[in-house]
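The chain is numbered in sequence order, starting from 1. Note that the coordinates shown come from a computational prediction; the quantities given were computed from them, not determined experimentally.
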Amino acid sequence: MTTLEKAKLWLHETFDKETRDAVQLLIDSNSPDLEDSFYRELEFGTGGMRGIMGVGTNRLNKYTLGQATQGLANYMLQQFKGEEIKVAIAYDVRNNSKEFGKLVADVLTANGIKVLLFKDHRPTPELSFTVRDKKCNGGIVLTASHNPPEYNGYKVYWNDGAQIVPPNDEAIIKEVYSVKFDEIKFNGNDELIEWIGEEQDDVYIDACIENSTYQNVGKENLNIVFTSIHGTTYTTIPKALEKAGFKKIDLVKEQMIPSGNFPTVDSPNPEEPAALEMALDLARITNADIVIGTDPDGDRLGIAVRNLEGEMQLLNGNQTNTILTYYILNEWRKQGRITGKEFIGSTIVTSDIFYDIAQKFGVECKVGLTGFKWIGKMIREAEGTQKFVCGGEESFGFMTGDFVRDKDSCGSILLACEIAAWCKANGKTMYQYMIEIYKDLGMYYEGLINIVRKGREGAEEIQSMMKNFRENPPKELAGSPVEEIKDFKEQTSFTVSTNEKKVMADIPKSNVLIYYTQDGTKVCVRPSGTEPKIKFYVSVKDAITSEADFKDKLKSLEAKIGAVKTDLKLD
């Protein structure tokens, strides 16, 4: 079926007049958007279903959301026969998120499923927490994380509070794609909706404080600047910081106003220094010790602290997670809580320093595919045999304990501020604490290279690039021979020097390649599951003996990442 034929199906009476008119306009104007709107169906990636809002099978709209929710409802009715099924629903600040939240609730209640629906914007981790706290069978959050304003998305959680993983995800997708648009039940039953709000915030915040804080040192003297970057955490973070005992909290007031247009930033992504520019400006005025920003749905955090020159320095996700993980495990050891049955969680694209941290403290480091749903799966599978301590991935996500089964900025921020306060009380900065960790374990440094290729042609180009890297792997990177090639699509590990290939069956198949060189350089290549990008994660390392060595080592490692980029022809 051609794209035009697919589009004409949306001119039938199944679709409302507004939708039919919009599709007809695309056809009549021969718009280039017609191809991208209908050439495929939206897929569930590492972060669920995410796409540009608009009409079409490849867009987020009433019908694609309705189809997804009807398929989910059909599956839940099969899985929980005879039970009262409950689903919690939250949504972020994005345009249409609130309306989409009610639409999704209507489809569920039309199928006899009870819904716990937040009255207003709430962070994704609070949704994850609520699923377990309210003993729900599942959860849904409407969000596109840090994507541009034209995007929205849909993430599904199971009864453990974690995002869906195999076999549930595959079974749900099968149900979704079997639903015809005229089979969607849109006429909801408001009697099956329970509205939740601030009272749930307090329960969630109390759990964050209980699970994410260890000592009360210097909190009253820490100068904090916080911004929600127009996102959902205006509802939780300021209250959580105050309740945890922090006294000096300055908010970027212009960015505490929720808005799906994100008017003060080009991108609401705390990974990007520009997104924290207003917070950094305020930090110069207030002489802040730490600056924190969160993404629109409040699961990821960006942190800036004073570097060796006293200037604010944005930490990358691996650096932040290194500090938090090392500190937590050190506290667990001091409290005698490490018995050898504990583990931390990480991902294949994250720094290998977490293996070193785990070894130092006598815990296991489990590694999964990209996305916190895989860490959630680790927790579920280990229940009763191993205790989960904390986990993180390079994309500015971290979780403390298992009370939330997804990355959680609230608990992570409370922990980061505790560490910063403890450091200040002991005459050092959080940055210096990071260097102390590197002196102990070795200095790791990472770089992320994104290549954007939009639309159908872009998707095909990305697949062609992956094919080329798979068939023609580099022989040398930054002067060091490639020694090992891991192909997660083929589930094989190939050692170059011995010409030996082994099967890797412990991690599910995924279109990911990792190259390791003889000197420990690591390069991971993968297409993004949520954005039109191919990503290159580069990790390099060296030994460091003193704080004085740090700047020189940093320069040499940055140069090494540049050399890797050149060798991969990414300049």
Side-chain angles (χ1 to χ4, degrees), residues 41-53 59-61 64-73 75-76 87-94 96-105 107-108 115-118 121-132 136-147 151-166 168-173 175-176 231-233 260 268 294-300 347 368-377 379-380 393 395-397 399 404-409 528-531:
E41 294 177 312
L42 277 181
E43 299 175 353
F44 281 77
T46 57
M49 185 169 68
R50 192 180 298 183
I52 295 170
M53 291 177 279
R59 293 287 186 260
L60 247 292
N61 54 62
T64 53
L65 286 170
Q67 183 185 48
T69 309
Q70 186 64 56
L72 174 63
Y75 183 72
M76 297 187 91
V87 175
I89 299 176
Y91 48 88
D92 70 6
V93 301
R94 287 182 173 273
N96 301 315
S97 279
K98 190 167 190 174
E99 294 78 8
F100 285 161
K102 181 59 165 64
L103 183 150
V104 168
V107 174
L108 291 176
V115 169
L116 281 66
L117 181 59
F118 278 95
H121 320 115
R122 285 301 183 277
T124 291
E126 186 170 353
L127 181 279
S128 170
F129 171 81
T130 299
V131 168
R132 295 179 70 228
C136 295
N137 302 85
I140 298 168
V141 62
L142 285 303
T143 177
S145 186
H146 59 283
N147 280 55
Y151 281 78
N152 214 315
Y154 178 94
K155 290 201 289 190
V156 179
Y157 292 74
W158 208 237
N159 56 9
D160 61 342
Q163 292 180 52
I164 52 171
V165 294
N168 288 323
D169 59 350
E170 295 159 358
I172 290 169
I173 291 168
E175 288 289 339
V176 168
T232 56
T233 54
T294 54
D295 64 344
D297 70 319
D299 56 359
R300 300 186 311 137
T347 73
L369 294 174
T370 309
F372 264 72
K373 66 180 186 178
W374 301 109
I375 297 179
K377 183 174 184 284
I379 296 171
R380 184 167 195 160
E393 65 178 358
S395 59
F396 286 54
M399 60 195 294
V404 172
R405 300 292 175 95
D406 205 347
K407 50 187 176 287
D408 174 27
S409 69
S528 171
T530 55
E531 297 174 279

Within a strict 4.5 Å, meaning less than it, do heavy atoms of the [X] and [Y] side chains meet?
X: N159; Y: R380; result: yes
X: D406; Y: Y157; result: yes
X: V87; Y: C136; result: no
X: I89; Y: L142; result: yes
X: K407; Y: D295; result: no
X: Y91; Y: L117; result: yes
X: V404; Y: M399; result: no
X: L60; Y: M53; result: yes

What are the two closest heavy atoms between [X] and [Y], and how far apart are they?
X: G376; Y: A162; value: CA-CB, 4.0 Å
X: R405; Y: S128; value: N-OG, 3.0 Å
X: G231; Y: V93; value: C-CG1, 3.7 Å
X: P296; Y: H146; value: CD-CA, 4.0 Å
X: R94; Y: D92; value: N-OD1, 3.0 Å
X: V131; Y: A88; value: CG2-CB, 4.4 Å

* May I have the step-by-step check of side chain to side chain contact (heavy atoms under 4.5 Å, CB included) for T232 and R122, ending in yes or no? => CA-CA 5 Å; T232 56; R122 285 301 183 277; 5.8 Å; no

* Test: K377 and D169 ion pair at under 4.0 Å ->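 A salt bridge is absent here (no side-chain N lies under 4.0 Å from a carboxylate O).
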
* To do: Say whether, by atom type as modelled, one donor and one acceptor occur between the side chain of Q70 and the main chain of V107 under 3.5 angstrom.
  => no

* Side chains of T69 and Y154: donor-acceptor distance under 3.5 Å anywhere? ->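 Side chains of T69 and Y154: pair found under 3.5 Å.
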
* To do: Go through the side-chain N and O atoms of T143 and T124 and say whether any donor and acceptor fall under 3.5 Å apart.
  => no

* To do: Could you give me the CA-CA distance, side-chain angles and deciding distance for H121 and S97, then say whether side chain to side chain contact (heavy atoms under 4.5 Å, CB included) is met?
  => CA-CA 9 Å; H121 320 115; S97 279; 5.9 Å; no

Measure the [atom1]-[atom2] distance between [X] and [Y] for me, rounded to the nearest 0.5 Å.
X: L103; Y: L108; atom1: CG; atom2: CG; result: 10.0 Å
X: F129; Y: D408; atom1: CZ; atom2: CG; result: 10.0 Å
X: T64; Y: M49; atom1: OG1; atom2: CE; result: 5.0 Å
X: D297; Y: K155; atom1: CG; atom2: NZ; result: 5.5 Å
X: R59; Y: Y151; atom1: CZ; atom2: OH; result: 8.0 Å
X: I379; Y: F372; atom1: CD1; atom2: CZ; result: 9.0 Å

* Could you point out which residue of I164, N168, V141 forms a side-chain contact (heavy atoms from CB on, under 4.5 Å) with V156? => I164

* State which residues pass side-chain contact (heavy atoms from CB on, under 4.5 Å) with N137; sequence neighbours excluded, sorted by chain then number. =>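 By the side-chain contact (heavy atoms from CB on, under 4.5 Å) rule, N137 matches M76, F80, E83, I85, K86.
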
* Please walk me through it: do F100 and I140 pass side chain to side chain contact (heavy atoms under 4.5 Å, CB included)? -> CA-CA 11 Å; F100 285 161; I140 298 168; over 6 Å; no

* **Check against side chain to side chain donor-acceptor pair (under 3.5 Å), T294 and S409** => CA-CA 7 Å; T294 54; S409 69; 5.3 Å; no

